[in-house]
Amino acid sequence: MRILVTGGAGFIGSHIVDALLRRGDDVRVLDALLPAAHRVPPALPGDVDFRHADVRDAEAVADALAGVDAVLHQAAMVGLGKDFLDAPDYAGCNDLGTAVLLAEMTRAGVAHLVLAGSMVVYGEGRYTCPLHGHVRPGPRMVDYLEAGRFEPPCPRCGAQLAPGPVTEDAPADPRNVYAATKLAQEHLAASWARATGGRAAALRYHNVYGPGMPRDTPYAGVASLFRSALERGQAPRVFEDGGQLRDFVHVRDVAEANLAALAGLNTLPEGGARAYNVGSGEPHTVGEAAAALAAARGGCAPVVTGEYRLGDVRHVTASSQRLREELRWKAEVPFAEGMAEFATAPLRGD
């Protein structure tokens, strides 16, 4: 197959490219090499057909789609950003870019799409109140956070909630600009599929980490921020009390999930779109991730700061049962093994 990977020079995209090449696919990459993700332009394998262009450039996208069988759409501006002034950049890169890509796929007759989604579309994860069952906590309150009250209370009785894994049928609740744009990407892909008879899978990545992550920028993931601090000889700074639950999933497992989703597109009906959580199934706290990296690298112990970002959520972990059952995928890299490798692995720009 000839596969177009948008954002294929990026952290996750480059691992997907490697996985496709290993199984013998013809790979084409379209990447704008945005500075936030590429302080140093990466070297792609010589047998990759690389196109340096923005996904919002309709002419370049049309050219890149020539002869393509399917698209793995990874190109996006990621992270929470610095403040709401980033909103036009996020909407432009993520939503306009996706709209241009889908329009040109329609013109080219390319009917298979795997979209890089995100767990951020859920907002907070799944919570259970001992009195009221499953509930959705309200927005995080500044006065609570300032007082160090990080756990969301039951919105009906104020009781402490028990977090659990979120499933794909949970209501969307994007709580920052990036999350809103990722949800919009899914809606665009579903609309495209219905209108054209195409097939689309949205992979809702949880906390992806591994070799080749970008260094610490306002757009980097938390694992990269911890890893960069340790490399500088500094203690990782852990926000809140470090008890935030996340699902850290290794980038090689995410690449294999993309290949599984690509193979599974033919099981969808024409015009069908399906979302899948991509997580390890092993929830860990942010504090545990920082501690694991520090121990593996022999660096400074993490410092719990009590700081917070209002756009963050307290707990969100994945149920990846749908992906396991329907597409026969499962994460293979254990948390301890993956973090030990990542503690000394090269970062993007090394």
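It should be emphasised that the depicted structure is a prediction, and the values quoted were computed from it without experimental measurement. Just so it is clear, the values below take in all heavy atoms, side chains as well, and ignore hydrogens, waters and symmetry mates.
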Chemist: Between L245 and P283, what is the shortest heavy-atom contact and its length?
Modeler: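 It is CD2-CB, 4.2 Å.
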
Chemist: How long is the gap from NE2 on H112 to CE on M105, to the nearest 0.5 Å?
Modeler: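 Spacing of NE2 (H112) from CE (M105) equals 9.0 Å.
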
Chemist: Is the closest side-chain donor-acceptor distance between Y209 and R227 under 3.5 Å?
Modeler: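 Side-chain D/A pair, Y209 to R227: absent.
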
Chemist: CZ of R149 to CG of D241: how many Å apart, nearest 0.5 Å?
Modeler: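 Rounded to the nearest 0.5 Å, the CZ-CG separation comes to 13.5 Å.
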
Chemist: For the pair R136 and E124, find out whether any cationic side-chain nitrogen is under 4.0 Å from an anionic carboxylate oxygen.
Modeler: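 Here R136 does not pair with E124 in a salt bridge, since their nearest N and O are not under 4.0 Å apart.
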
Chemist: Can you confirm whether the side chains of H206 and R246 place a donor and an acceptor under 3.5 Å from each other?
Modeler: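 Judged by distance alone, the side chains do not pair up.
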
Chemist: Less than 3.5 Å apart, which donor and acceptor atoms pair up between the side chains of residues 337-344 and the rest of the protein, not counting sequence neighbours?
Modeler:
residue	atom	partner	partner atom	Å
E341	OE1	H250	NE2	2.8
E341	OE2	R252	NH1	3.0

Chemist: Can you name the residues that form a ring pair (Phe, Tyr, Trp, His ring centres under 6.0 Å) with H284, not counting sequence neighbours?
Modeler: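 Counting only residues at least two positions away or on another chain, H284 forms a ring pair (Phe, Tyr, Trp, His ring centres under 6.0 Å) with F335.
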
Chemist: Write down the atom of V114, the atom of N258, and the distance for their closest heavy-atom approach.
Modeler: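 Looks like CG1-OD1, 3.6 Å.
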
Chemist: With sequence neighbours excluded, tell me which residues meet side chain to side chain contact (heavy atoms under 4.5 Å, CB included) with A172.
Modeler: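 Testing A172 for side chain to side chain contact (heavy atoms under 4.5 Å, CB included), a comparison that skips the adjacent residues, returns P174, L183.
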
Chemist: More than 12 heavy atoms of other residues, nucleotides or ligands under 6.0 Å from CD of E270: yes or no?
Modeler: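 No.
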
Chemist: Under the rule for side-chain hydrogen bond (donor to acceptor under 3.5 Å, both in side chains), what residues qualify as partners of R140, not counting sequence neighbours?
Modeler: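 With sequence neighbours excluded, R140 shows a side-chain hydrogen bond (donor to acceptor under 3.5 Å, both in side chains) to E240, given in chain and number order.
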
Chemist: Which donor-acceptor pairs under 3.5 Å do side chains of residues 5-13 form with protein atoms, sequence neighbours excluded?
Modeler:
residue	atom	partner	partner atom	Å
T6	OG1	H73	ND1	2.6
T6	OG1	Q74	N	3.0
T6	OG1	A75	N	3.2

Chemist: Taking only Lys NZ, Arg NE, NH1 and NH2, and the carboxylate oxygens of Asp or Glu, determine whether D173 and R175 approach each other closer than 4.0 Å.
Modeler: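 Between R175 and D173 there is a salt bridge, with a charged N closer than 4.0 Å to a carboxylate O.
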
Chemist: What is the distance from atom OH of Y178 to atom CG of N94, rounded to the nearest 0.5 Å?
Modeler: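 Answer rounded to 0.5 Å: 7.0 Å.
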
Chemist: Could you list the donor-acceptor pairs under 3.5 angstrom formed by side chains in residues 163-170, with sequence neighbours left out?
Modeler:
residue	atom	partner	partner atom	Å
T167	OG1	D169	OD1	2.4
E168	OE2	N277	N	2.8

